[in-house]
Chemist: 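I'd like to ask you about the structure that follows.
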Amino acid sequence: MSVAGTPLEETNSVNWLNHTGIATADTERAIRAADESGEPLASVVRRLGFLSDAAIADALAKTYGLPRLSLDDFATTDPVGGVISPEFLIANQACIASADDGGVLLVLADPSLPDVTEAIALATGKSVNLALAPLADIEATLALYFGARKNSANPLHTAATDDTDAEHLRDLASEAPVVRLVNDLIKDALKQRASDIHVEPYRNHLRIRFRIDGVLHDRESSPAALAQLVVSRIKIIADLDIAERRRPQDGRARVSIAGTPLDLRIATTPSAHGESVVIRLLEDRDAEVDLGSLGLSKKDETLLRERLSAPFGLILVVGPTGGGKTTTLAGAISTLNTPERKVISIEDPVEYQIDGVTQIAVQPAIGLTFASALRSVLRQDPDVIVVGELRDQETAEIAVNAALTGHLVLATLHANTAAGAPARLIDMGVDPSLLRSTLRLILSQRLIRVLCASCRKKVKGKWTHTGCEKCANTGYVGRKGLFESIDLTASLLDLIQPGLSALEFEKAAKSAGAVSLADDGREKITAGITDANEIWRVLGEHIESPS
């Protein structure tokens, strides 16, 4: 029996922090907390939220010179057949990843913990090789090895729909390893600025992707056998029925990750290999949004500010889901939020916390819809009303009538273009004559990724990027809006009639000087804000800047 691997030097227990990006003050705080509590330093760093499990494992592996493993490297059943007790492995943050005639591969989360290699060698009678992995991966694997042995039928593979199996699945999904795995998943998504987490089960693996700046990126996949536990844990968080896997479910949850409060919107749907889940991350944001930071051209920003200064009328912001409409409304609200005005907003959900504004979150389950909330708001003597979405005829008609009776109304609407908004409202049943009397400005927008300031460069008169560590080799960091606006002049308002053609309205708007999304994209390419590839991705149009 022998133990192979790099000697685990005592000084490395602190030195591994040198391989992380933790600020000096946070490093000192973690070391003090570890000294005072006697808790391992890696556990303190994890508990304080300074680093994710994956980042801790990367730094420790580099410091100790050990291979860094992930979930794909572990066996799907206990390689040593229960020779090592799960309690011993859990206590030592360790796991057996594989075993053969050549020995066992012992995986550690923290090499600074008391050496367990001799004990493993004695118990198995084999030589021991060492590797490192994130604690969440180790705990998830231990849950897979030992949790699945509670019944002869594997609960990770059966469609548990009766009360007994559902309760057993709930117990497994509530154990610490699975809880930590899902928490770390959300924590990593938050750290990487992701707006959504996609959890997708397939035959041979559980695919996890983060949507960052509007684009999906693969994360390390997990064994397929973990899919049901992960999905069940997410459903427990959202108070969904874990026994129901045949129908889609929607839920919400309020959580705190590394001290950051988050609203989660969770949607499940059945698929060929299990339930697919999408988690929308909505971070509490209480900073005011400056209209000047959104990406509006000087012309569009000036026009919007002028229309916001009017005492009444309807301003629409249109575009697809995830196009940044809520942020634009938040910027408009910040501009209007003065002591002499009463501003009330109706939102689903409230994303920006704005002091001085009465913000109402709709709750359809109790009958508090956009329409019912809007009716009550009109009795609150508002000056400005903000409607998160005109999603039905009743809401649209109330909003238009409010704009007609002395209120400034701002609202969002799902429409492909600014020119298509009036026709969309008419199709919903709104009287065209009321639109002619109230509509003042229509903004349409998309979100485009911004070229990374660290690696962007100009080649032959055109902006491009090389990719670097700061942008995770994508070439982009953050997003800005791409806008088109239509100022409703008298001649354009006259066109708003029953049977209005969006195409004819668009032609008239362009003749009146409206700037299209493509025109705005061309200006942003020229300014080096983005590049032609990004405009093509968002608009499907080939646009080049002047060389």
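Values below: all heavy atoms of this structure, side chains included; hydrogens, waters and symmetry mates excluded.
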Chemist: Could you check whether Y202 and S271, counting side-chain N and O atoms only, form a donor-acceptor pair closer than 3.5 Å?
Modeler: no
Chemist: Answer yes if the side chains of Q445 and T328 hold a donor-acceptor pair under 3.5 Å, and no otherwise.
Modeler: yes
Chemist: May I ask you to say whether D348 pairs ionically with R280, meaning some side-chain N is under 4.0 Å from a carboxylate O?
Modeler: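 No, no charged N to carboxylate O under 4.0 Å.
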Chemist: Between E301 and K299, does any NZ, NE, NH1 or NH2 come within less than 4.0 Å of an OD or OE carboxylate oxygen?
Modeler: no
Chemist: Do the side-chain N and O atoms of S70 and D72 include a donor-acceptor pair separated by under 3.5 angstrom?
Modeler: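 Their side chains do not contain a donor-acceptor pair, so the 3.5 Å distance test is not met.
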Chemist: Taking F370's backbone N and O only, do any of them form a donor-acceptor pair with E389's side chain (distance below 3.5 Å, no angle check)?
Modeler: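 A pair under 3.5 Å: no.
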Chemist: Salt bridge (Lys or Arg N to Asp or Glu O under 4.0 Å) with E534: which of R446, R479, K480, R449?
Modeler: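 With E534 as partner, R446, R479, K480, R449 yield a single salt bridge (Lys or Arg N to Asp or Glu O under 4.0 Å), made by R449.
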Chemist: Salt bridge check, R375 against E394: does any charged N sit closer than 4.0 Å to a carboxylate O?
Modeler: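 Salt bridge between E394 and R375, a charged N being under 4.0 Å from a carboxylate O: yes.
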Chemist: Any carboxylate oxygen within less than 4.0 angstrom of a Lys/Arg side-chain nitrogen, looking at E504 and K507?
Modeler: no
Chemist: Using 4.0 Å as the upper bound for N to carboxylate O, is an ion pair formed by R252 and D263?
Modeler: no
Chemist: Is a salt bridge present between D531 and R456, judged by a nitrogen-to-oxygen distance below 4.0 Å?
Modeler: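 Looking at D531 and R456, the cut-off is not met.
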Chemist: Does a donor on one side chain and an acceptor on the other come within less than 3.5 Å for S334 and N337?
Modeler: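 The criterion, which ignores hydrogens and geometry beyond distance, is not satisfied for N337 and S334.
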